[in-house]
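These numbers come from the heavy atoms of this one structure, side chains and all, not from hydrogens, waters or symmetry mates. Numbering of ligands and ligand atoms starts at 1, following listing order. Nothing here was measured: the structure is a model prediction, and the numbers come from that model.
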Amino acid sequence: MLKVGVLVSGGGTNLQAILDAIDNGTVTNAKVCMVLSNNPKAYALERARKHGIPAECVSPKDFPDRAAFHAALLEKVDSYGLDLIVLAGFLVKVPEEMIRRYRNRIINIHPSLIPSFCGVGYYGLKVHEAALARGVKITGATVHFVDEGMDSGPILLQKAVEVHEGDTPERLQRRVMEEAEWKLLPMAIDLIANHKLEGSDGK
Ligand code: GRF
């Protein structure tokens, strides 16, 4: 059974998609053991609690500096003995020590087709604003392994989504979530949990 920790900052609809996919058997051999947020007000923590999953908060505001925050974050994550860390709308840059310790065991969902509209500054609605400003007709979502760069690790899965005439960033964001993100993230976990992914060490 793959022990999964999900790191979040916001509403947690991607977390919900993972929990639903495990509950309905779309994802097998995986269990969400903890949900952690940097933001105590993240609704994702409520979703975890409702599901009987430990909901942790490690906020940078509670620490004197970045190093102390990173150390606390890592200690909390380590305490669960996780096999896989899933970043599902986690708006904190992952500390390098965590990336080293969990090499090829951290995945992220990004709401565009990488390498378009990714990297520093491309998060949340900004990604969709940039896609609309550029006038692309197709966008989508990407699940990738996390390395030291920003959205630069190896790509696991991608799914394309059409941009419609008259789209606002909000409408496009919603379509990308419904048609791509909520499907891709559970699918990636299932692939890793069931050893269907070359190079992964799903247990
Ligand atoms: C998603 O669009 C994700 O791709 C991005 O942040 C958003 C998180 O939404 N990185 P939610 O918290 O899962 O609802």
Side-chain angles (χ1 to χ4, degrees), residues 4-23 26-27 30 32 34-51 53 55-59 84-94 98-99 106-133 136 138-147 149-164 167-190:
V4 180
V6 184
L7 274 47
V8 295
S9 298
T13 60
N14 277 289
L15 166 69
Q16 193 64 52
I18 294 166
L19 297 176
D20 292 347
I22 291 175
D23 286 349
T26 310
V27 171
V32 176
M34 65 95 94
V35 172
L36 182 148
S37 178
N38 59 307
N39 168 13
K41 295 195 181 120
Y43 184 65
L45 291 175
E46 197 51 40
R47 293 182 194 267
R49 286 187 203 106
K50 281 188 184 151
H51 228 85
I53 296 167
E56 303 277 8
C57 177
V58 181
S59 166
L84 181 70
I85 297 171
V86 177
L87 309 184
F90 188 53
L91 297 178
V92 171
K93 182 155 173 30
V94 178
M98 189 182 293
I99 294 167
I106 309 178
I107 60 173
N108 180 46
I109 180 92
H110 183 77
S112 75
L113 293 175
I114 290 175
S116 291
F117 314 118
C118 66
V120 178
Y122 287 99
Y123 60 88
L125 272 182
K126 290 178 195 289
V127 178
H128 305 291
E129 283 163 6
L132 290 175
V136 295
I138 300 283
T139 183
T142 303
V143 177
H144 64 92
F145 285 110
V146 173
D147 67 7
M150 193 63 108
D151 300 327
S152 57
I155 291 172
L156 275 94
L157 295 171
Q158 288 190 304
K159 190 166 190 294
V161 174
E162 277 183 16
V163 178
H164 293 178
D167 264 350
T168 59
E170 291 79 7
R171 277 164 64 176
L172 185 56
Q173 179 183 52
R174 182 74 193 182
R175 189 175 318 112
V176 168
M177 283 179 152
E178 285 177 356
E179 293 183 13
E181 294 183 49
W182 298 343
K183 294 177 181 167
L184 282 190
L185 206 45
M187 196 186 292
I189 295 170
D190 188 61

With a cut-off of 6.0 Å (strictly less than), are more than 12 heavy atoms of other residues, nucleotides or ligands near NZ of Lys93? yes
Does a side chain donor of either Arg171 or His164 reach within less than 3.5 Å of an acceptor in the other side chain? no
salt_bridge(Arg49, Glu46) N-O dist < 4.0 Å: yes
Using a 4.5 Å cut-off on heavy atoms from C-beta on, say whether the side chain of Ser116 contacts that of Thr139. no
Of all the heavy-atom pairs spanning Leu184 and Lys159, show the shortest one and how long it is. CD1-N, 3.7 Å
Might you list the protein residues in contact with ligand 1, defined as having a heavy atom under 4.0 Å from one of its atoms, sorted by chain and number? Gly10, Gly11, Gly12, Thr13, Asn14, Gly89, Ile109, Pro111, Met177, Glu181
Please determine, by modelled atom types, if Ser152 and Asp147 share a side-chain donor-acceptor pair under 3.5 angstrom. yes
